Number of protein chains: 2
Amino acid sequence: MSTRTPEAEPLLTPAEVATMFRVDPKTVTRWAKAGKLTSIRTLGGHRRYRETEVRALLTGIPSQRTE
Amino acid sequence: MSTRTPEAEPLLTPAEVATMFRVDPKTVTRWAKAGKLTSIRTLGGHRRYRETEVRALLTGIPSQRTE
DNA sequence: CGTGAATAGGGTAATTAGGGAG
DNA sequence: AGTGTCCTAATTACCCTATTCA
């Protein structure tokens with residue numbers, strides 16, 4: 001493997017997450033605002049989501065308690 | 001374009017499944033609750049159903065009676 | 001630096017969940 | 001046992017415009 005690997009996680013756009021859950025992109029935004037989904041913001045304010053987390057939620061795997 | 005397509009299984013809303021089966025959405029919910037139909041939950045608690053599974057049932061795939 | 005698509009906002013209808021009774 | 005309907009509360013979908021993304 002390469003010597004240096006920038007720690008980059010695969011991110012998903014709101015539209016992609018919405019498609020996977022069969023919901024409206026706005027709904028994904030509400031989940032992020034409600035703290036149900038980890039959101040990473042671009043410098044312009046747009047949201048990106050962790051693919052691993054989304055897949056885990058879809059599979060029905062309970063997310064880790066942050067407590 | 002690269003492979004920017006997260007493997008997402010086509011899902012159906014309760015209303016869509018109900019229409020396909022010619023039943024009330026509440027009935028579809030009962031099927032899901034009874035485990036007769038695989039249901040995927042949104043983060044808000046709403047159910048989504050696998051299109052492949054629904055179509056298989058509609059297509060008339062023998063349920064392989066165990067008797 | 002323009003162009004077209006996507007997203008963030010906010011507000012208002014439409015679905016859905018859940019229980020209960022017929 | 002299985003289904004359709006009534007109810008309330010919660011969640012989601014569609015409307016708009018301005019901003020950001022690619």
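For clarity, every value in this text was computed on a predicted model and none was experimentally measured.
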Measure the distance from [atom1] on [X] to [atom2] on [N] and round it to the nearest whole Å.
{"X": "Leu12(A)", "N": "dT7(C)", "atom1": "CG", "atom2": "C1'", "answer": "15 Å"}
{"X": "Glu16(B)", "N": "dA13(D)", "atom1": "CD", "atom2": "P", "answer": "11 Å"}
{"X": "Tyr49(B)", "N": "dA17(C)", "atom1": "OH", "atom2": "C1'", "answer": "10 Å"}
{"X": "Asp24(A)", "N": "dG11(C)", "atom1": "CG", "atom2": "P", "answer": "18 Å"}
{"X": "Phe21(A)", "N": "dT12(D)", "atom1": "CZ", "atom2": "C1'", "answer": "14 Å"}
{"X": "Lys33(B)", "N": "dT16(C)", "atom1": "NZ", "atom2": "P", "answer": "15 Å"}
{"X": "Leu43(A)", "N": "dT19(D)", "atom1": "CG", "atom2": "P", "answer": "18 Å"}

Sidechain N-carboxylate O distance under 4.0 Å for Arg48(A), Glu9(A) |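 Looking at Glu9(A) together with Arg48(A), the answer is no, because their closest N to O distance does not fall below 4.0 Å.
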Hey, which of these two, Arg48(A) or Arg22(A), hits DNA chain D nearer its 5' end, going by closest nucleotide?
->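 Between the two, 5'-proximity favours Arg22(A).
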By nearest nucleotide on DNA chain D, pick out whichever of Val23(B) and Gly45(B) is the more 5' one.
->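 Per heavy-atom nearest nucleotide, the more 5' residue is Val23(B).
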Less than 4.5 Å apart, any side-chain heavy atom of Val23(A) and any of Leu43(B)?
->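 The answer is no, as the side chains (C-beta and beyond) never meet within the 4.5 Å cut-off.
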What nucleotide among dA8(C), dT16(C), dG4(D) has an atom nearest to a side-chain atom of Thr29(A)?
->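 Of the options given, the side chain of Thr29(A) lies nearest dA8(C).
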Closest to side chain of His46(B), choosing from dT15(C), dA8(C), dC14(D) =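 Selected nucleotide: dT15(C).
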When you look at CZ of Arg22(B), are more than 12 heavy atoms from neighbouring residues, nucleotides or ligands closer to it than 6.0 Å?
->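 No, not enclosed.
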Answer yes or no: does atom CZ of Arg41(B) have more than 12 heavy-atom neighbours from other residues, nucleotides or ligands under 6.0 Å?
->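 Yes, because the 6.0 Å sphere around CZ of Arg41(B) holds more than 12 heavy atoms from other groups.
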base_contact_polar ([N] base, [X] side chain, donor-acceptor, <3.5 Å):
{"X": "Lys26(B)", "N": "dG19(C)", "answer": "yes"}
{"X": "Arg47(A)", "N": "dA6(C)", "answer": "no"}
{"X": "Arg30(B)", "N": "dG18(C)", "answer": "no"}

Interface with DNA chain D, restricted to residues 34-42 of chain B and to heavy atoms under 4.0 Å =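 Here the set is Lys36(B), Thr42(B).
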Mind checking salt bridge (charged side-chain N to carboxylate O under 4.0 Å, His left out) for Arg47(B) and listing every partner two or more places apart, or none if nothing turns up?
->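 Once residues adjacent in sequence are excluded, Arg47(B) has no partner under the salt bridge (charged side-chain N to carboxylate O under 4.0 Å, His left out) criterion.
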Find the distance between CG (Leu57(B)) and CH2 (Trp31(B)) and round it off to the nearest 0.5 Å.
->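 Spacing of CG (Leu57(B)) from CH2 (Trp31(B)) equals 8.5 Å.
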Answer yes if Met20(A) and Val54(B) sit in the same cluster of Ile, Leu, Val, Met, Phe, Trp and Tyr residues linked by side chain heavy atoms under 4.5 Å apart, and no otherwise.
->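 No: no chain of side-chain contacts under 4.5 Å links Met20(A) to Val54(B).
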Does Trp31(B) make a side-chain N or O approach to OP1 or OP2 of dT3(D) shorter than 4.0 Å?
->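 For dT3(D), OP1 or OP2 has a side-chain N or O of Trp31(B) closer than 4.0 Å.
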